[in-house]
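Along the sequence shown, residues carry numbers from 1. These values consider heavy atoms only, across backbone and side chains, with no hydrogens, waters or symmetry-generated copies. Just so you know, ligand 1 is whichever comes first in the structure, and atom 1 is the first atom listed for that ligand.
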Amino acid sequence: MRAPEDRRAIGRRRIWLLVAAALVPLCLLLVLQYRWLVSLERVSAVAHRATLDNYLEAVASAVELHYRSIGERSLNLPAALFTPDRLHKAAYHFAKKGGDEAGRLFVVGFDGEDAGRPLFFDRATSALAPLPWSEELRAVYAAVAPWKVLAAKPGTLERPSLQVDDRDPDHRSIVNPITDEAGRVVGLAGLLIDGGHFEREVLPRIVADALPEFSAADAAGRPLLTVRDGGGREVCCGETAPARPEEATRALGFPFRDFSLGIHSRHRTAADWARRNFALNLGLSALLTAIVAGGVLFALRAAAREMRLSQMKSDFVSNVSHELRTPLASIRVFGELLRLGRVESSDKVREYGELIETESRRLTHLIDNILDLARIESGRKSYQLAPGDLERVVGETLRTFRPRLVQSGFRLVHRACPDPLPPLALDEAAIGQALGNLLDNAVKYSGRSREIAVGVRREGDWAVVWVEDHGVGIPRDEQPKVFDRFHRVSTGLVHDVKGSGLGLAIVRHVAEAHRGRVELESRPGAGSVFSLWLPLAPAAGEPAPLGARRTSEA
Ligand code: ADP
C-alpha cells in the first residue's frame with residue numbers, strides 16, 4: 001500500500017496534469033486567435049480601402065454613364081443631314097432628343113460655304129442659329145478645328161465615338177463626329193457642357209446615389225467624398241473635409257478628366273478601423289480565455305479540495321480505527337489478567353485497574369470528539385451556557401488528566417489566575433472537553449520534553465485559559481490550518497503519534513460558541529502555546545449568552 005504522502009503527491013501530479021491539459025490548448029487557441037486577428041487586421045484594412053475605392057469607382061462610372069447616354073441620345077444625327085441645304089433640319093432632332101440638362105447643343109457641317117461654322121440650337125425657338133463671338137464660341141471653334149482638318153483630308157474614320165474637348169475647362173464640350181458611308185467626317189454634333197448644372201445638380205445626386213444608405217444612428221460611419229476640379233477647387237459635396245489626407249483618390253474620368261475624387265472615413269481611417277477591430281476582438285478573446293481558464297482553475301481547485309478532503313477522511317478512518325483498537329486491546333488484556341486472577345499483588349491490581357480506567361477515558365474522549373464533530377457537521381450541536389467558574393472547570397480537568405501525565409513522566413505546572421475571575425457564561429462540559437483536547441495534544445506532541453504548563457489569566461474583558469508545551473511546535477504556514485477538521489501537520493511526529501485531526505476543530509468551535517477565539521503561538525522545535533479567549537461580559541446591546549445556543553458547522 002502507498003503512504004499518504006505518495007498518494008497526495010500522485011493526486012497533486014494528476015491535478016497539475018489536468019490543469020496543463022485544460023490550459024495548454026486554451027493558450028494555444030489564444031496564440032492562434034492572435035495570429036488570425038493580425039492577418040484579419042491586415043485583410044480588413046485592405047477590404048475597407050477596397051470599399052472606399054468602390055465608392056469612387058461608382059461615382060466616376062455614374063458621371064460617365066450620365067454624359068455618355070446624353071451624348072448617345074442627342075448627338076447621334078444621320079450623316080444625310082450634313083449638307084448645306086439640310087443642316088437646319090438637325091434642329092428637329094435636337095428638339096426631340098436633346099433633354100433639358102444636355103447643355104448647349106450645336107452642329108457643324110464640313111461642306112459648302114459655311115463649312116466649319118457652328119450653329120447652335122435655341123430651345124426657345126427650336127431653331128439653329130450662329131452665335132455672336134464669345135468665349136464659348138471660341139472654345140467650340142477650338143474643338144471643331146481638328147475635325148475640320150480631318151474632313152478636308154481623304155481617309156476614313158474607322159470608329160467614330162464621342163470625344164471630349166476640355167482645353168477650355170470652363171467651356172468643355174462633347175462632340176460626336178458624323179461620318180458618311182465611306183467613313184469620311186461630314187460634320188459634328190456637339191454639346192457644350194453646363195458646368196454649373198453639373199456641380200449643382202448632377203454631381204450631388206450621383207454622389208448621394210453611389211454612397212450606401214446609412215441610418216441616422218450610424219451616419220457617423222458614412223464616408224466623406226470630395227470632388228475637386230482641375231484647379232484644386234472643391235466642387236462637391238458641401239461638407240468640409242477633415243485636414244488629414246484622403247484615404248483613396250482617383251480621376252473622375254469622362255468628361256471631366258481633370259477632376260479628381262477623394263474619400264475619407266469620417267472619423268476613423270481604414271487603419272484605425274482595423275486596429276480598433278483587432279483590439280476589440282483580441283480583448284474579447286482574452287476575456288473569454290480568462291473566463292474559461294478561471295472556470296477550469298475553479299473546478300480543479302474544487303476537485304483538489306474534494307480529493308484532499310477525501311484523503312483526510314480516509315486517513316481519519318485509519319487513524320481512528322488504530323486509536324480505538326489500541327486502548328481496547330489494553331483494556332482486554334488487563335481485564336483478562338485480572339479475571340483469571342493472575343495478578344497477585346494488590347499494587348499491581350490497582351495499577352492495572354488505573355490503566356483500564358485511563359484507557360477507557362481515552363476511548364470516551366475520542367468517541368466524544370467523533371460524536372461532537374458529527375453533531376457540529378449536522379448543525380445539531382448545542383451548548384448550555386450558564387454562569388460558571390472557569391478556575392473550577394480547569395482544576396477539575398487537570399485532576400482528571402493528572403494520573404495520565406504523571407504516569408507518562410510529565411511535570412504539570414498549574415498557574416491559577418492571581419485575581420478572582422467574575423462568573424462567566426460557560427458550557428462547562430464543552431470547556432472541559434476543549435481543555436482536554438489541548439492537554440491531550442500537549443502530551444502527544446511534547447516529544448522529549450516533559451513539562452506542560454496550564455494557566456488562567458485575565459486580559460481586560462477576557463478570561464484566557466492557556467496550555468503550554470515545549471514540544472515539536474508547528475510551522476508558521478501550518479498554524480492556521482491545524483484548526484481545520486481532519487488536518488494533521490505532515491511533518492514532525494505525525495507518523496509516530498496517532499490522531500484523528502478533530503481535536504482542534506472542536507476547540508475552535510467551542511471557543512466560537514462562547515463568542516471567544518483560540519490563539520496559537522508556536523515555533524518548530526520550541527513548543528506551542530494554545531490560548532482559549534472567553535469574554536467576561538456580553539458586548540453592549542447583545543443578549544447575555546446564557547441558555548442553550550445552537551451553532552453551525554465548525
Ligand atoms: P490530532 O488528533 O491529530 O492531534 P488535532 O486537531 O488535535 O488532531 O490537531 C491537529 C494537528 O495539529 C495535529 O495533528 C498536530 O499536527 C498539530 N498539533 C496540535 N497540537 C499540537 C501541539 N501542542 N504541538 C504540536 N503540534 C500540534
Side-chain angles (χ1 to χ4, degrees), residues 3-5 8 308-309 311-327 361-374 376-377 397 401 404-405 408 410-413 430-455 465-512 517-532 553-554:
E5 267 73 37
R8 267 195 284 273
R308 210 174 56 237
L309 207 64
Q311 182 61 51
M312 281 172 159
K313 280 187 178 163
S314 70
D315 290 353
F316 165 75
V317 171
S318 94
N319 288 341
V320 162
S321 38
H322 180 275
E323 287 273 280
L324 287 173
R325 237 184 265 128
T326 318
R361 204 169 286 128
R362 256 181 77 190
L363 265 182
T364 316
H365 182 72
L366 177 64
I367 289 167
D368 280 351
N369 273 352
I370 296 172
L371 292 178
D372 259 8
L373 188 89
I376 289 170
E377 298 257 294
T397 313
F401 253 82
R404 179 177 160 202
L405 293 176
S408 317
F410 278 92
R411 194 166 83 84
L412 179 64
V413 181
I431 295 288
Q433 190 190 3
L435 185 56
N437 286 353
L438 294 179
L439 277 166
D440 195 36
N441 283 349
V443 172
K444 287 198 294 188
Y445 302 108
S446 264
R448 287 209 205 102
S449 152
R450 280 294 172 267
E451 184 167 309
I452 293 173
V454 178
V465 188
W466 49 269
V467 177
E468 180 179 14
D469 66 62
H470 304 284
V472 293
I474 303 171
R476 182 168 277 279
D477 57 326
E478 288 281 348
Q479 290 180 13
K481 297 187 210 156
V482 291
F483 295 99
D484 292 343
R485 60 197 196 279
F486 308 130
H487 188 86
R488 307 198 71 218
V489 179
S490 52
T491 53
L493 295 176
V494 80
H495 298 304
D496 312 329
V497 180
K498 285 292 169 187
S500 56
L502 301 182
L504 291 181
I506 290 171
V507 172
R508 183 173 66 178
H509 199 264
V510 169
E512 285 171 359
R517 61 181 189 278
V518 202
E519 286 185 359
L520 164 61
E521 286 167 53
S522 185
R523 228 155 22 94
S528 315
V529 184
F530 284 88
S531 316
L532 200 58
E553 197 186 323

Exercise. Indicate yes or no for a side-chain donor-acceptor contact from S531 to the backbone of V465 under 3.5 Å, with no hydrogens or angles considered.
Key: no
Quiz item: Atom CG in D440, atom NE2 in H365: separation rounded to 0.5 Å?
Solution: 4.5 Å
Practice problem: Measure the NZ-CD1 distance between K481 and I474 for me, rounded to the nearest 0.5 Å. | Solution: 12.0 Å
Self-check item: Where ligand 1 meets H487 - atom numbers and elements under 4.0 angstrom, heavy-atom basis
Solution: 10 (C), 11 (C)
Quiz item: Purely on distance, is any nitrogen or oxygen of L504 under 3.5 Å from one on ligand 1?
Solution: yes
Exercise. Any chance you could measure L520, atom CG, to F483, atom CZ, to the nearest 0.5 Å?
Key: 5.0 Å
Exercise. Measure the distances from the heavy atoms of G471 to every atom of ligand 1 and state whether one is below 4.0 angstrom.
Key: no
Practice problem: Check each atom of ligand 1 against the heavy atoms of L502 and keep those under 4.0 Å away; list them by number with element. | Solution: 6 (O), 8 (O)
Practice problem: Considering the heavy atoms of R488, write down every atom of ligand 1 situated less than 4.0 Å from one of them. | Solution: 1 (P), 3 (O), 14 (O)
Exercise. Could you give me the CA-CA distance, side-chain angles and deciding distance for I452 and S446, then say whether side-chain contact (heavy atoms from CB on, under 4.5 Å) is met?
Key: CA-CA 8 Å; I452 293 173; S446 264; 4.3 Å; yes
Quiz item: Going by the atom numbers of ligand 1, which of them fall below 4.0 Å from some non-hydrogen atom of K444?
Solution: 1 (P), 2 (O), 4 (O)
Quiz prompt | Passing candidate, side chain to side chain contact (heavy atoms under 4.5 Å, CB included) with D368, options I370, D372, T364 | solution = T364
Quiz prompt | Backbone or side-chain N or O of G501 under 3.5 Å from ligand 1 N or O | solution = yes
Self-check item: Contact check, N437 vs ligand 1, heavy-atom distance below 4.0 Å
Solution: no
Practice problem: Provide the number and element of each atom of ligand 1 under 4.0 Å from a heavy atom of V482. | Solution: 10 (C), 12 (O)
Quiz prompt | Atom indices of ligand 1, in the order listed, that fall short of 4.0 Å to a heavy atom of V472 | solution = 25 (C)
Self-check item: F530 near ligand 1 by a heavy-atom separation under 4.0 Å
Solution: yes
Quiz item: If you count the atoms of ligand 1 from 1 in the order shown, which ones are under 4.0 Å from a heavy atom of G473?
Solution: 25 (C)
Quiz item: Just which atoms of ligand 1 are under 4.0 Å from any heavy atom in G503?
Solution: 5 (P), 6 (O), 7 (O)
Quiz item: Do any N or O atoms from the side chain of N437 and from the backbone of L504 form a donor-acceptor pair under 3.5 angstrom?
Solution: no
Quiz prompt | Option among R450, R404, E451 that satisfies the side chain to side chain contact (heavy atoms under 4.5 Å, CB included) test with F410 | solution = R450
Quiz item: Considering all heavy atoms of both residues, which atom of L532 and which atom of A434 are nearest to each other, and what is their separation?
Solution: CD2-CB, 4.3 Å
Quiz item: Is the shortest N/O to N/O distance between I474 and ligand 1 below 3.5 Å?
Solution: no
